[in-house]
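Accompanying notes for the structure given below.
Note on naming: letters A, B, ... go to the chains in the order of the sequence lines (proteins, then strands), and numbering restarts at 1 for each one.
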There are 2 protein chains.
Amino acid sequence: MKKEISRKCEHDRDNCPVKDVLNRVGDKWSMLTVIMLADHGVLRFNELHQLIDGISQKMLTVTLKTLEADGLVSRKMYTQIPPKVEYTLTSLGESLVPSLLHLYDWANTHMPEIKASRERYEKNISL
Amino acid sequence: MKKEISRKCEHDRDNCPVKDVLNRVGDKWSMLTVIMLADHGVLRFNELHQLIDGISQKMLTVTLKTLEADGLVSRKMYTQIPPKVEYTLTSLGESLVPSLLHLYDWANTHMPEIKASRERYEKNISL
DNA sequence: CTGGATCCTATTCGATACTG
DNA sequence: CAGTATCGAATAGGATCCAG
């Protein structure tokens with residue numbers, strides 16, 4: 001098979017971008033947050049809170065902080081009462097979107113197969 | 001911004017393929033396992049164990065079972081002593097690879113920016 | 001409105017020991 | 001060789017209350 005793919009981290013435990021970035025992408029809320037921002041452009045905290053179904057306040061805060069630290073999301077705060085904070089994707093964040101949508105489309109396309117496979121698997125187990 | 005992207009799961013809590021598939025993709029070892037199999041074609045249990053640096057036996061077992069249940073990996077067992085089991089990607093699994101590599105390439109490309117951003121962020125925190 | 005701080009639970013995961 | 005079983009530590013994540 002295609003050996004050229006193999007430019008990864010078999011023996012580079014501390015410096016593996018795959019693990020690192022994918023742990024970020026793969027956490028429970030980061031990707032949905034990025035997609036929402038890609039979709040809507042600018043969003044305030046509470047707007048995100050409502051758009052991302054099921055997220056808790058705490059996790060939204062944590063997720064946004066992490067994304068900001070990574071430079072994927074930028075945060076603009078208006079010092080006023082009541083406070084107002086706007087979140088947008090940075091250009092780095094935008095550059096992630098195509099890959100995410102690629103994956104998203106795969107998920108949408110193949111979800112029925114995966115579900116069917118899981119059910120078959122369960123039945124075979126319970127025999 | 002591009003509103004057409006918005007074909008996702010704002011209010012579809014139980015049937016969101018993004019969450020589901022990405023929790024799979026994003027778990028600690030699944031993606032690396034798929035990439036290894038994409039890379040090498042056929043691998044035995046212990047070969048995977050050695051290729052995927054840092055994975056424990058238990059997690060490799062769990063990961064492979066999950067991938068098999070989802071229909072991404074197929075498992076061929078030779079009933080002999082000592083046992084021999086071969087893992088390969090199914091065609092469904094293969095269809096995931098391009099998306100994964102897309103993401104992988106993004107990670108490789110932008111890792112320096114992310115690291116730099118994190119360091120800037122840390123410094124600002126500690127001021 | 002936008003969070004920070006705290007408590008508590010569930011899940012994840014590694015280490016270890018054992019098996020056909 | 002290819003797992004299974006069990007234990008315990010660490011982490012993630014939700015609920016709640018509080019604050020500027």
Whole-Å distance, E68(A) CD to dT2(C) P, equals 15 Å

For the pair L92(B) and D70(B), evaluate side chain to side chain contact (heavy atoms under 4.5 Å, CB included) and give the outcome as yes or no after the intermediate values.
-> CA-CA 9 Å; L92(B) 182 58; D70(B) 285 2; over 6 Å; no

What distance do L101(A) atom CG and H102(B) atom NE2 have between them, rounded to the nearest 0.5 Å?
-> 10.0 Å

Within this structure, what is the NZ-to-P distance between K65(A) and dT2(C), rounded to whole angstrom?
-> 15 Å

Among dA2(D), dT2(C), dG14(D), which is the nearest nucleotide to the side chain of W29(A)?
-> dG14(D)

Honestly curious: do Y87(B) and Y78(B) fall in one hydrophobic cluster under the side-chain, below-4.5 Å linking rule?
-> no

Of the nucleotides dG20(D), dG3(C), dA2(D), which one has an atom closest to the side chain of K84(B)?
-> dA2(D)

Does a side-chain N or O from K58(A) land closer than 4.0 Å to OP1 or OP2 of dA5(C), or not?
-> no

When rounded to whole Å, the CG to P distance for the pair D53(B) and dC13(C) reads 16 Å

Which residue lies more 5' along DNA chain D, comparing P83(A) with Q57(A) via nearest heavy atoms = Q57(A)

Phosphate OP1/OP2 of dC1(D) contacted by Y87(B) side-chain N/O (<4.0 Å) | no

OP1 or OP2 of dT11(C) less than 4.0 angstrom from a side-chain nitrogen or oxygen of K28(A), does that happen here?
-> no

Figure out the CG/P separation between D27(B) and dC13(C), and round it to whole Å.
-> 6 Å

Verdict with supporting geometry, L89(B) and V73(B), side chain to side chain contact (heavy atoms under 4.5 Å, CB included) = CA-CA 4 Å; L89(B) 290 183; V73(B) 160; 4.0 Å; yes

Do the side-chain N or O atoms of R44(B) get closer than 4.0 angstrom to the phosphate oxygens (OP1, OP2) of dC1(D)?
-> no

CE (M59(A)) and CD1 (I52(A)) are apart, to the nearest 0.5 Å, by 11.0 Å

Taking atom C1' of dA15(D) as reference, at what distance in whole Å does atom CD1 of I55(A) sit?
-> 15 Å

Take atom NZ of K76(B) and atom P of dG3(D), then tell me their distance rounded to the nearest Å.
-> 15 Å

Whole-Å distance between dT11(D) P and M59(B) CE?
-> 15 Å

From NE2 of H49(B) across to C1' of dG14(C) the rounded distance in Å is 11 Å

